[in-house]
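Worksheet: one structure, shown below.
Per chain, numbering begins at 1; letters A, B, ... match sequence-line order. What you see is a predicted model; the values in this text were computed from it and never measured.
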Amino acid sequence: MLNPCPSSPSRLLTGTAQSSKITALVDRRFLPSSGYLLALQTADSNPKPTAESHNLTQHRHWLMKSEPESRFENGVDMKFGIEDLKALPGQSSCWDGVRNYQARNFMRQMKEGQLAFFYHSNCKEPGIAGLMTIVKEAYVDHTQFDKKDAHFDASSKPDNPKWSMVDVQYQRMMKRFLPLSELKKHHLQHRAHGGPLKDMALFTKTRLSVQPLTAEEFDFLLSLEDKEPL
DNA sequence: GCCAACGTTGGC
DNA sequence: GCCAACGTTGGC
């Protein structure tokens, strides 16, 4: 099996959690066909047709979770924070290890050039640390076939791979870190009185490691950078 | 370390 | 197709 993502640690949140990898940019020959990008929304082999599965909802902004602190899973350190991404060659990496269908399907909807927040999860101070750009659209996550990888999936076969990943590139740190505690205050306020974060997936689908953001959510989050912490 | 929320598995 | 048991996520 070709391995388009030669370097890297695979540590992004798996499914609802994470994993990523690092990679130098990759060969365009491995770009998936368009049929491959048709996303199923759930584990069902025959999901109900929904706006999302038909890709009618075109999200342009994303939030992706990864763990910035060491934690061992099957003997492999899952640590992959924004500083780790920044330190890689080309400041880019593949986002491998996602093992949740909903998260995978969102990755399959991502387009080159779109922006994603890098979210630090399962750590002392969870929150939004910075911004990245999607630099390669969904392709086969080779770590699913690697027995030594923390996210090896014995049920996935090379002739019909289950899991995909994208490549991301560091763009910048947030002007200030946006802690989850602060985002939650906004979420609760907006839920009570209306506002852009009232339905934010970070709070309504807490275990989802790759999430779409509406334009309103994205703009509001960016605007927080220039405000005093709530 | 606890545990609530929620996704997955597999028996029936 | 239901649903109990089990596993995982991730904040606290």
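- B/dG7 atom C1' lies 10 Å from atom CD of A/Q102, rounded to whole Å.
- Summarising the geometry, atom CG belonging to A/L131 is positioned 6.0 Å from atom CG belonging to A/L222; distances are rounded to the nearest 0.5 Å.
- Comparing C/dG10, C/dG11, B/dG7 by their closest approach to the side chain of A/N100 singles out B/dG7.
- Between the CG atom of A/L183 and the P atom of C/dG10 there is a distance of 15 Å, given to the nearest Å.
- Between the CD1 atom of A/I128 and the P atom of C/dG11 there is a distance of 12 Å, given to the nearest Å.
- Atom C1' of nucleotide C/dG11 and atom NZ of A/K205 are separated by 20 Å, given to the nearest angstrom.
- Of the residues near DNA chain B, A/T206 and A/S155, the one whose nearest nucleotide (by heavy atom distance) lies more toward the 5' end is A/T206.
- Mapping A/T204 and A/N122 onto DNA chain B by nearest heavy atom places A/N122 at the nucleotide closer to the 5' end.
- In this entry the distance linking CZ of A/F72 with C1' of C/dT9 reads 19 Å, nearest Å.
- Residue contacts for A/K184: at a heavy-atom cut-off of 4.0 Å it reaches the sugar-phosphate backbone alone, with no base atom in range.
- At C/dG11, one or more side-chain N or O atoms of A/Y119 fall inside 4.0 Å of OP1 or OP2 (strictly under the cut-off).
- Aromatic rings of A/Y101 and A/W163 (six-membered ring for Trp) have centroids within the 6.0 Å cut-off, being under it.
- Between the NZ atom of A/K65 and the P atom of C/dG11 there is a distance of 6 Å, given to the nearest Å.
- A/E225 and A/R172 are joined by a salt bridge, as a carboxylate oxygen and a charged side-chain nitrogen come within less than 4.0 angstrom of each other.
- If you take CG of A/D153 and C1' of B/dT8, they are 12 Å apart, rounded to a whole angstrom.
- In this structure the side chain of A/W95 never reaches within 4.5 angstrom of the side chain of A/I134, judged on heavy atoms.
- Put simply, CG on A/L208 is 15 Å from C1' on B/dT8, counting in whole angstrom units.
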